[in-house]
Amino acid sequence: MSSEVGTEEVPAHRYTAALADAVEKRWQEYWEDNGTFYAPNPVGKLSAGDGVPADKLFVQDMFPYPSGAGLHVGHPLGFIGTDVFARYHRMAGRNVLHTMGFDAFGLPAEQYAVQTGQHPRKTTEDNIATYLRQIRRLGLGHDERRRISTIDPDYYRWTQWIFLQIYNSWYDTEQGRARPIAELAAKYADLPADERRRLVDSQRLAYLSEAPVNWCPGLGTVLSNEEVTSEGRSERGNFPVFRRNLRQWMMRITAYADRLVDDLDRLDWPEKVKSMQRNWIGRSYGARVRFDAIEVFTTRPDTLFGATYLVLAPEHPLVDELATAEWPSDVDSRWTGGAATPAQAVAAYRKAASRKSELDRQENKEKTGVFTGSYATNPVNGTKIPVFVADYVLMGYGTGAIMAVPGQDQRDWDFAEVFGLPIIRTVRPTEGFEGKAFTGEGPAVNSGFLDGMDVVEAKKAITEWLTEQGAGEGTVQFKLRDWLFSRQRYWGEPFPVVYDEDGVAHALPESMLPVELPEVDDYSPRTFDPEDADSEPSPPLSRATDWVEVELDLGDGPKTYRRDVNTMPNWAGSCWYQLRYVDPDNADRFVDPVNERYWLGPRTEQHGANDPGGVDLYIGGVEHAVLHLLYSRFWQKVLFDLGHVTGDEPYRKLFNQGYVQAYAYKDARGVYVPAERVEERDGKFFFEGEEVSREYGKMGKSLKNVVTPDEMCERYGADTFRLYEMSMGPMDVSRPWATKDVVGAQRFLQRLWRNLVDEETGELRVSEDPADEDTLRLLHKTIAGVHEDYSEMRYNTAGAKLIELNNHLTKSGAVTPRSVAEPLVLMLAPLCPHVAEELWSRLGHGESLAHGPFPVAEQRYLVAATVEYPIQVNGKVRARVVVPADADQEQVKAAALAEEKIAEQLGGKEPRKVIVVPGRLVNIVA
RNA sequence: GCCCCCGUAGCCCAAUCAGGCAGAGGCAGGCCCCUUAAAAGGGUCAGAGUGUCGGUUCGAGUCCGAUCGGGGGCACCA
């Protein structure tokens with residue numbers, strides 16, 4: 001596999017995989033022994049005691065779940081990217097915080113525990129050890145003192161503490177912020193205790209709710225809306241999900257809906273992620289309008305005159321009341337669903353709707369529904385319009401009822417067509433419009449006092465009118481719902497909550513934290529037939545009876561309580577880990593305010609008046625766009641409102657790295673064959689002589705196309721692997737893995753090494769003579785370019801520039817001048833830190849280069865003495881001319897026109913126009 | 001159906017932000033050197049007019065408008 005050092009074939013001191021391995025091990029040990037990547041805190045245990053540089057940088061990876069499968073080459077892409085960034089800035093003199101912890105609660109460990117009987121903690125900790133070994137080998141410059149793990153009681157104690165903060169607060173809509181619950185309780189001081197308690201409890205930001213939740217029998221747990229796919233199945237496992245009423249913890253994230261949308265504008269995040277969050281929060285402005293007892297939500301109150309019927313969701317509470325005993329004598333046969341009475345029709349329709357899965361309801365876009373037998377009054381003109389029940393209206397959005405305006409809404413148009421309902425246009429369609437419903441802009445028609453107004457004006461006018469009449473009011477509607485926060489799992493954070501004999505919840509005092517997980521015999525919740533919608537959750541903690549029943553003194557003497565047997569969702573631990581990285585072993589607080597302000601506080605002088613603070617660079621996959629990143633922002637805002645942190649956003653700049661993808665090959669039977677043994681011939685692919693088909697996508701065990709970083713480190717060394725990964729393309733682009741290409745990165749390092757070290761003797765080989773002019777110019781051009789590339793995360797082009805410089809040295813054939821060797825090595829260091837450290841040390845430096853210096857380009861080498869201008873005639877290059885760099889436009893023009901070939905082209909005629917682009921070219925229009 | 005991103009040598013990618021000679025770098029390929037031989041060694045050469053059509057401009061890979069292809073997000077949200 002790797003070449004032997006010292007064999008006859010290969011020079012003893014060539015940069016081979018074996019040599020790289022020795023160098024890498026040596027420097028990894030050095031860094032660890034010397035705490036090279038320790039980033040000092042202003043105060044506390046991690047303070048160096050002599051102050052901190054004002055210039056800091058906090059770089060963070062989305063921390064991994066330590067899976068048992070280990071890493072493939074795709075996983076470290078982001079980790080290496082952040083490491084290069086961190087190393088570059090560290091060398092530039094900034095105080096750089098970069099570390100990595102583990103998001104270690106979660107289903108796989110629990111499921112593995114169920115299969116093997118091994119405690120999830122054991123599995124998880126073993127996996128973490130493996131993970132740490134794998135990432136250590138990559139040479140990531142982490143501050144190891146700051147490693148945290150969400151399963152650590154010292155960590156989840158604070159997760160529970162934050163839960164209590166949220167529980168013990170309410171949202172003051174007048175002030176637009178969360179406030180301590182005690183301030184609310186004070187307002188109700190005059191009320192009887194239990195009424196006060198009920199009022200207060202109903203306004204907490206973390207509250208118990210008996211509302212419908214997503215129950216997933218196949219997983220044996222409930223799920224948040226964000227964890228349910230648009231097909232109505234669990235994101236994990238793809239099991240059916242049913243709506244059920246269960247008493248569960250909820251987080252009042254909807255209180256923050258406006259701020260969560262508005263503050264996106266203050267974040268340096270990819271537009272794509274922002275738009276996904278905006279979409280998910282789904283804010284729309286509209287009005288509520290009352291048709292007698294039925295309240296509807298509409299975004300188009302301006303079309304009220306065109307409302308020809310109402311529709312209620314099948315689950316709407318008024319449906320039963322509205323369903324009359326008999327059909328009107330002239331009822332349209334299409335409206336009855338074939339039933340004898342409206343009550344029967346409605347009951348049958350509701351039953352059918354309840355049996356349909358979310359998926360059926362969405363896929364089947366044919367409009368169905370039945371008439372309730374009732375009519376409602378349109379407040380704007382007193383018209384009686386029929387009320388229908390139809391499943392194209394969803395109970396979960398708005399009021400669960402709509403006014404149907406077929407003229408301006410295609411869904412309503414479709415329904416009206418099926419049921420023979422009238423259609424009135426209230427916006428005049430544009431000339432030549434041939435569609436059905438018209439949803440564009442135009443003047444109002446058939447709309448009484450709104451006629452002639454445009455949509456915006458009409459909305460405003462009708463909203464004012466409705467308000468005056470008491471028939472409605474303007475309102476804002478969100479798609480976002482509160483966050484379901486309980487899970488029926490074992491391997492998660494227990495709730496710091498107990499219930500008394502009346503079932504009333506009591507939060508535990510801070511002094512009783514952490515509430516640690518009990519030992520249990522069976523780690524699994526009871527799971528059910530995935531289709532069994534009527535099954536009952538049975539969390540594993542409920543079986544730890546000794547733990548569940550507990551005697552406590554919560555202020556009114558020792559009493560027996562029952563603990564909450566749910567656990568928090570997997571997202572809890574990741575909602576605040578950047579705060580703990582800052583102060584990982586603070587025993588008194590979740591983070592010291594001084595440390596928090598230094599690493600995460602807003603810096604308006606640097607980032608502008610609107611700076612929300614947060615991690616300076618947060619890198620991870622786009623798959624967390626809505627879940628983790630929304631929850632995390634919510635927690636941060638609560639903590640901010642309560643005065644615990646100084647920034648109101650957790651992540652100032654977000655960057656999504658691309659994925660490393662891979663080809664997979666299938667034989668004629670459709671079975672995957674090992675990708676590494678497939679050969680390509682004439683655009684076709686063969687495995688053991690048989691033609692196979694190729695597909696492109698993920699890397700995975702079952703696809704037989706996994707390549708591991710360990711394997712790459714063995715064959716080429718970590719530096720080569722790092723360089724190759726970073727050279728494959730820009731950080732945000734997904735790219736296909738190609739093992740055969742890795743050798744290119746190794747050849748470069750070999751050549752660079754050879755330019756500085758004698759391959760036969762191992763002696764350093766640099767000259768103390770000054771470099772020639774050309775070399776200096778290239779060197780400084782490279783320095784300037786590399787600076788820019790590193791700070792823009794364009795590592796592929798940074799690498800290419802280094803190769804270019806090194807190729808220049810190789811070609812020159814001379815012994816490399818030290819004055820070029822040193823900056824070259826320093827510039828290489830962020831990408832290939834081990835070999836750079838080794839060469840730096842061999843160049844005679846006693847100190848690690850981790851803290852710089854990073855070379856600085858000298859301006860005088862960046863400006864050339866002469867410039868070569870290409871000369872175009874009518875856009876085609878016809879000649880070139882060399883002029884002094886300081887020649888002005890007239891001189892360049894004169895030189896261009898004097899050029900022999902150009903004079904020839906012009907044939908003695910005067911050019912119509914001559915364009916001189918300074919420093920670039922000359923274009924002559926003949 | 002709506003929205004977003006991407007199409008440059010055989011392959012991965014530069015140049016697109018700010019219009020100015022299409023090539024920085026790597027893989028693969030040809031040739032040469034080293035070598036008994038070989039390559040994960042060294043050197044060198046060649047290779048596309050930028051998916052397509054149209055527009056703006058003295059000049060378009062770059063800007064604008066269509067269109068095709070690929071990827072992603074949202075989707076009966078009133």
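No hydrogens, no waters, no symmetry mates; every other heavy atom, side chains included, goes into these values. Given the structure is predicted, the values throughout are model-derived calculations rather than measurements. To find a chain, count down the sequence lines: A is the first, B the second, and so on, and within it residues start at 1.
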Checklist entry - Once you round it to whole Å, what is the distance between P of G1(B) and OH of Tyr392(A)? => result 21 Å
Next on the checklist: I'd like the P distance from C11(B) over to A48(B), given in whole Å.
Outcome noted: 13 Å
Next on the checklist: Between A38(B) and A60(B), how far apart are the two C1' atoms, rounded to whole Å?
Outcome noted: 49 Å
Item to check | Smallest separation among heavy atoms of Val319(A) and Ala313(A), with atom names | outcome: CG2-O, 3.6 Å
Next on the checklist: In this structure, how many angstroms lie between the P atom of C74(B) and the CD atom of Glu226(A), rounded?
Outcome noted: 12 Å
Item to check | Qualifying residues under side chain to side chain donor-acceptor pair (under 3.5 Å), relative to Asp412(A), sequence neighbours excluded | outcome: Tyr392(A)
Checklist entry - Which whole number of Å gives the distance between the P atom of G19(B) and that of C32(B)? => result 47 Å
Checklist entry - Using atom P of each nucleotide, how far apart are A24(B) and U44(B) to the nearest Å? => result 14 Å
Next on the checklist: Without decimals, in angstroms, what is the distance between Glu725(A) CD and C27(B) C1'?
Outcome noted: 16 Å
Item to check | Nearest-angstrom distance from the residue atom CD of Gln408(A) to P of C76(B) | outcome: 22 Å
Checklist entry - Using the glycosidic torsion, which applies to G43(B): syn (within 90° of 0) or anti (everything else)? => result anti
Checklist entry - How do Val622(A) and Gly396(A) order along RNA chain B: which one's closest nucleotide is nearer the 5' end? => result Val622(A)
Checklist entry - For atom C1', what is the distance between G61(B) and G49(B), given to the nearest Å? => result 9 Å
Checklist outcome for this item: Contacts of Arg765(A) meeting side chain to side chain donor-acceptor pair (under 3.5 Å) (sequence neighbours excluded), chain-then-number -> none
Item to check | Residues which pass side chain to side chain donor-acceptor pair (under 3.5 Å) with Trp280(A), listed by chain and number, not counting sequence neighbours | outcome: Glu226(A)
Enumerate all atom pairs, one protein N or O and one N or O from nucleotides 44-51 of chain B, separated by less than 3.5 Å.
none

Item to check | C1' spacing across the pair A46(B) / A28(B), given as an integer number of angstrom | outcome: 13 Å
Checklist entry - How does protein contact run along nucleotides 2-24 of chain B, one letter per nucleotide 5' to 3', with B for base contact, S for sugar-phosphate only, - for none, heavy atoms under 4.0 Å? => result ----------SSS-----BB--B
Checklist entry - Under the ring-ring contact (aromatic ring centres under 6.0 Å, His included) test, which residues partner Tyr716(A), sequence neighbours left out? => result none
Next on the checklist: Taking C58(B) as the reference, what is the distance to G72(B) when you measure between their P atoms (whole Å, please)?
Outcome noted: 42 Å
Item to check | Closest to the Arg751(A) side chain, choosing from A78(B), G41(B), G26(B) | outcome: G26(B)
Checklist entry - Given that both distances must come in under 3.5 Å, which nucleotide forms a Watson-Crick or G-U wobble pair with G1(B)? => result C74(B)
Checklist entry - How many Å lie between CZ on Phe748(A) and P on G42(B), as a whole number? => result 12 Å
Checklist entry - Given that both distances must come in under 3.5 Å, which nucleotide forms a Watson-Crick or G-U wobble pair with G69(B)? => result C6(B)
Next on the checklist: Any salt bridge linking Glu725(A) with Arg735(A)? Criterion: basic side-chain nitrogen under 4.0 Å from a carboxylate oxygen.
Outcome noted: no
Checklist entry - Rounded to whole angstrom units, what separation is found between the CZ atom of Arg747(A) and the P atom of G25(B)? => result 15 Å
Item to check | Rounded distance in Å between the C1' positions of A15(B) and G55(B) | outcome: 24 Å
Item to check | Under the side chain to side chain donor-acceptor pair (under 3.5 Å) test, residues paired with His787(A) that sit two or more places apart | outcome: Tyr88(A)
Checklist entry - Paired with U44(B): which nucleotide, if any, by Watson-Crick or G-U wobble criteria at under 3.5 Å for both distances? => result G30(B)
Checklist entry - Among all residues two or more places apart in sequence or in another chain, which pass the side chain to side chain contact (heavy atoms under 4.5 Å, CB included) test with Ala718(A)? => result Glu24(A), Cys713(A), His834(A)
Item to check | Side-chain N or O of Arg300(A) closer than 4.0 Å to phosphate OP1/OP2 of A78(B) | outcome: no
Checklist entry - What's the OH-P distance between Tyr309(A) and A78(B), to the nearest Å? => result 16 Å
Checklist entry - Can you check the Leu752(A) CG to G26(B) C1' distance for me, whole Å? => result 16 Å
Item to check | RNA chain B: 5'-proximal contact among Ala745(A) and Ala401(A) (nearest heavy atom) | outcome: Ala745(A)
Checklist entry - Looking only at heavy atoms, which two atoms of Cys832(A) and Leu723(A) are closest? And how far apart? => result SG-CB, 3.8 Å
Item to check | Residue matched to C63(B) through Watson-Crick or wobble contacts both under 3.5 angstrom | outcome: G55(B)
Checklist entry - For Glu623(A), which residues count as a salt bridge (charged side-chain N to carboxylate O under 4.0 Å, His left out) partner, sequence neighbours excluded? => result none
Next on the checklist: Please confirm whether the ring centroid of Tyr309(A) lies under 6.0 Å from the ring centroid of Phe415(A).
Outcome noted: yes
